[in-house]
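Structure first, then comments.
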Amino acid sequence: MNIDLHSHSNQSDGVLPPTDVAVRAHANGVDWWALSDHDETSGLAEASEAARDLGLGFIPGVEISVTFCDKTVHVLGLNIDPGQPELSAGLAGIRHSRFERARKLADLLSGCGIDGAFEGAMRHVDNPDLIGRVHFARFLLEQGHCKSLQQAFDRYLGDGKRAFVPVRWASLEQAVGWILAAGGKAVIAHPGRYRYTPQQQDALFGTFKSLGGCGIEVVTGSHTPAQSVHYTQVALTYGFEASRGSDFHAPGAGRADLGGMPDLSDRLVPVWRDWI
Ligand code: AMP
Ligand code: MN
Ligand code: MN
Ligand code: MN
């Protein structure tokens, strides 16, 4: 079975509408698919319908922005009820923080001599409720301020760069609480991406587990093969279930297309064990 439990649509910072993501997942041979937009569940109804029409298994998901030890961590909520009020209210609060950040980010870019960035980024936004750094990166690329999205992050948008605006996202406790309230499983996305000290990473995993967090992404488009091996061991050490997801955003972007990742080691307990 090909199971891909991490992907984005144009309801957050992906480029394809939910239906097109479903069609692409199906064409790539995915059997079970989760849409997991950043801090947003507005694409799930369309995604679920498209998956049903294709005969593709569907798991409703979300990727929640969290601040832990002053750094951003992404926590996936898988098999959630998107209508659950605490979850909806929590995500709405994060989207509001994103909007405020976007205003400040545009002011910082203005200080770099780049005007009109807020309106320019909004032209790349399909869901007016959700603006992210990628929309600014697409504007900067379009205007010739950088040669790639990666360079937009390296020069302006990345942590500590000229137009970086720190945000206090949800706490780990809040995010896990909302996911559990919505009947889902909480999974730490792409653990290899965080620049924590070993002590901080241990605190992250330990706290997450004690709050009711259930697993980590072991195989993701964000991990190198060596990192997948490393996080296989981490999952076994901490007693975490394991997930697999491409983190697909756009055709041709990122390391993995939908469904195009290695399999999980069969030493691991998959997060989907009870669902699929
Ligand atoms: P945000 O949640 O709005 O702060 O933006 C984070 C998103 O930006 C991630 O989910 C990725 O899609 C994207 N991203 C982060 N770092 C980079 C990078 N170095 N190059 C390209 N995209 C990135
Ligand atoms: Mn993203
Ligand atoms: Mn992420
Ligand atoms: Mn993601």
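Ligands are counted one by one from 1 in listed order, and the atoms in each one are counted from 1 as well.
Looking at heavy atoms from C-beta onward, Arg267 lies in side-chain contact with Gln233 at the 4.5 angstrom threshold. Arg98 places a side-chain heavy atom less than 4.5 Å from the side chain of Trp169. Counting heavy atoms from C-beta outward, Leu105 and Leu157 have side chains that approach closer than 4.5 Å.
Counting only N and O atoms by type, the side chains of Glu40 and Asn127 include a donor and acceptor under 3.5 Å apart. Side chains of Ser243 and Glu217: a donor-acceptor N/O pair is absent below 3.5 angstrom, by distance only.
The shortest N or O to N or O distance between Asp154 and ligand 1 is not below 3.5 Å. For a threshold of 3.5 Å applied to N or O pairs, the pair formed by Arg98 and ligand 1 contains at least one separation below that value. Remark: ligand 1 and Arg133 share an N or O pair separated by less than 3.5 Å (distance only, no angle test). An N or O contact shorter than 3.5 Å is missing between Trp169 and ligand 1 by distance.
The angle Asp13:OD1 - the Mn ion (ligand 2) - His249:NE2 amounts to 80°, with values rounded to 10 degrees.
Ring-plane geometry between Tyr194 and Tyr196 is classed as tilted, the angle between the planes lying from 30 to 60 degrees on a 0 to 90 degree scale. Taking the six-membered ring where the residue is Trp, His38 and His8 present parallel rings, their angle staying beneath 30° rather than reaching 60°.
Other residues, nucleotides and ligands place more than 12 heavy atoms under 6.0 Å from the CD atom of Gln151.
In this structure, Val30 and Leu258 approach most closely via the heavy-atom pair CG2-C, 4.0 Å. Pro191 approaches Gln201 most closely through the heavy-atom pair O-OE1, 4.2 Å. Nearest heavy-atom pair, Leu5 versus Trp33, reported as atom, atom and distance to 0.1 Å: CD2-C, 4.3 Å.
At the shortest separation from atom 7 (C) of ligand 1 among protein heavy atoms lies Asp13 OD2, 3.6 Å. Closest to atom 13 (C) of ligand 1 among all protein heavy atoms lies Val134 CG2, 3.4 Å. The protein non-hydrogen atom at the shortest distance from atom 20 (N) of ligand 1 is Gln150 OE1, 3.2 Å. Nearest protein heavy-atom neighbour of atom 14 (N) of ligand 1: Phe153 CZ, 3.4 Å.
Within ligand 1, the atoms closer than 4.0 Å to a non-hydrogen atom of His38 are 10 (O), numbered from 1 in the order shown. Distances below 4.0 Å separate heavy atoms of Gly132 from the following atoms of ligand 1: 3 (O).
Only the side chain of His249 comes within 4.0 Å of ligand 1, counting heavy atoms alone; its backbone N, CA, C and O stay farther away. Here Arg101 has side-chain heavy atoms under 4.0 Å from ligand 1, and that is the only part of it that gets that close. When non-hydrogen atoms are compared, ligand 1 lies under 4.0 Å from neither the backbone nor the side chain of Thr72.
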Exercise for review: Take Asp13 and Arg133, measure what salt bridge (Lys or Arg N to Asp or Glu O under 4.0 Å) needs, and give me the verdict at the end.
Suggested key: CA-CA 8 Å; Asp13 58 9; Arg133 281 186 288 172; over 6 Å; no

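A ring-ring contact (aromatic ring centres under 6.0 Å, His included) check over residues 107-166, counting only residues at least two apart or in different chains, returns the pairs Phe99-Phe118.
For the Mn ion (ligand 3), the nearby protein N/O/S atoms, meaning those under 2.8 Å, are Glu63 OE2, His74 ND1, His190 NE2.
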